[in-house]
Asks: 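Okay, here's the structure, questions in a sec.
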Amino acid sequence: MYGGPRIKHLDEVPAEEMLRFRFEDGRTASIWEKWIELSPDYVAFWNRWDPGAMTPQHGHHGNHINFIVQGEIRSKDGVCGVGSHTTAASHVAGWTYEPEE
């Protein structure tokens, strides 16, 4: 591998705006990502979704894991709240983020 653990703190990684949605009323919602580790075997990243942010149905090459630490995400398959862990084999449905009340 790399000769030992690679340690990176989230504060060391810049956030990038990946998607921005503009709604009819003029407000926007974005998805922000921090690319923590990129390797031939896996990709590790953190993301934060503004309230109302959404992704269209899309795919991934390889398995995909999400762990929800705040708010909830919704898809046609259900609602995942804080503490939920989701997995998808090589694909993911579209998601919408809803903040906690």
Side-chain angles (χ1 to χ4, degrees):
M1 180 126 174
Y2 297 111
R6 293 171 56 92
I7 300 170
K8 209 177 276 187
H9 192 278
L10 196 57
D11 291 343
E12 299 170 358
V13 182
E16 299 177 47
E17 185 180 40
M18 302 308 292
L19 295 167
R20 181 186 300 168
F21 299 92
R22 184 172 306 279
F23 297 95
E24 289 181 9
D25 63 5
R27 66 188 172 89
T28 61
S30 297
I31 298 174
W32 302 86
E33 294 186 347
K34 292 186 177 196
W35 297 89
I36 299 165
E37 190 73 47
L38 301 169
S39 85
D41 298 322
Y42 63 89
V43 174
F45 66 94
W46 163 98
N47 63 27
R48 178 179 60 80
W49 295 35
D50 293 339
M54 62 186 97
T55 63
Q57 179 114 1
H58 63 286
H60 291 266
H61 300 285
N63 298 328
H64 198 79
I65 298 168
N66 294 300
F67 183 72
I68 313 306
V69 297
Q70 183 178 352
E72 62 185 29
I73 57 175
R74 299 170 183 259
S75 78
K76 66 178 178 58
D77 299 315
V79 177
C80 299
V82 173
S84 295
H85 179 272
T86 71
T87 58
S90 301
H91 70 281
V92 170
W95 292 102
T96 301
Y97 172 71
E98 299 296 334
E100 293 176 307
E101 295 296 323

Asks: Could you walk me through whether E33 and W46 pass the side chain to side chain contact (heavy atoms under 4.5 Å, CB included) test, one step at a time?
Replies: CA-CA 6 Å; E33 294 186 347; W46 163 98; 5.8 Å; no

Asks: I'd like to know whether T55 forms a side chain to side chain contact (heavy atoms under 4.5 Å, CB included) with I31, so could you lay out the CA-CA distance, the side-chain angles of the two residues, the decisive distance to 0.1 Å, and finally the verdict.
Replies: CA-CA 9 Å; T55 63; I31 298 174; 3.5 Å; yes

Asks: Quick one: closest heavy-atom pair of G52 and A29, and the distance?
Replies: C-CB, 4.0 Å

Asks: Measure the spacing between CD of Q70 and CZ of R48 and express it to the nearest 0.5 Å.
Replies: 9.5 Å

Asks: Stepwise, does the side chain to side chain contact (heavy atoms under 4.5 Å, CB included) test hold for V13 with K8?
Replies: CA-CA 8 Å; V13 182; K8 209 177 276 187; 3.8 Å; yes

Asks: Measuring from M18:CE to S30:OG, what's the distance to the nearest 0.5 Å?
Replies: 11.5 Å

Asks: If you round to the nearest 0.5 Å, how far is CG of L19 from OG1 of T28?
Replies: 12.5 Å

Asks: Do you reckon L38 sits in the same ILVMFWY cluster as F45, going by side-chain contacts under 4.5 Å, direct or chained?
Replies: yes

Asks: Quick one: pull up OG1 in T87 and CD1 in I65 and give me the separation to the nearest 0.5 Å.
Replies: 7.0 Å

Asks: Please confirm whether the backbone N or O of E16 pairs with a side-chain atom of K34, one donor and one acceptor, at under 3.5 Å?
Replies: no

Asks: Measure the CH2-CG distance between W32 and N47 for me, rounded to the nearest 0.5 Å.
Replies: 12.5 Å

Asks: Could you go step by step and tell me if I73 and I68 meet the side chain to side chain contact (heavy atoms under 4.5 Å, CB included) rule?
Replies: CA-CA 8 Å; I73 57 175; I68 313 306; 3.6 Å; yes

Asks: Quick one: closest heavy-atom pair of V43 and W35, and the distance?
Replies: CG1-CZ3, 3.5 Å

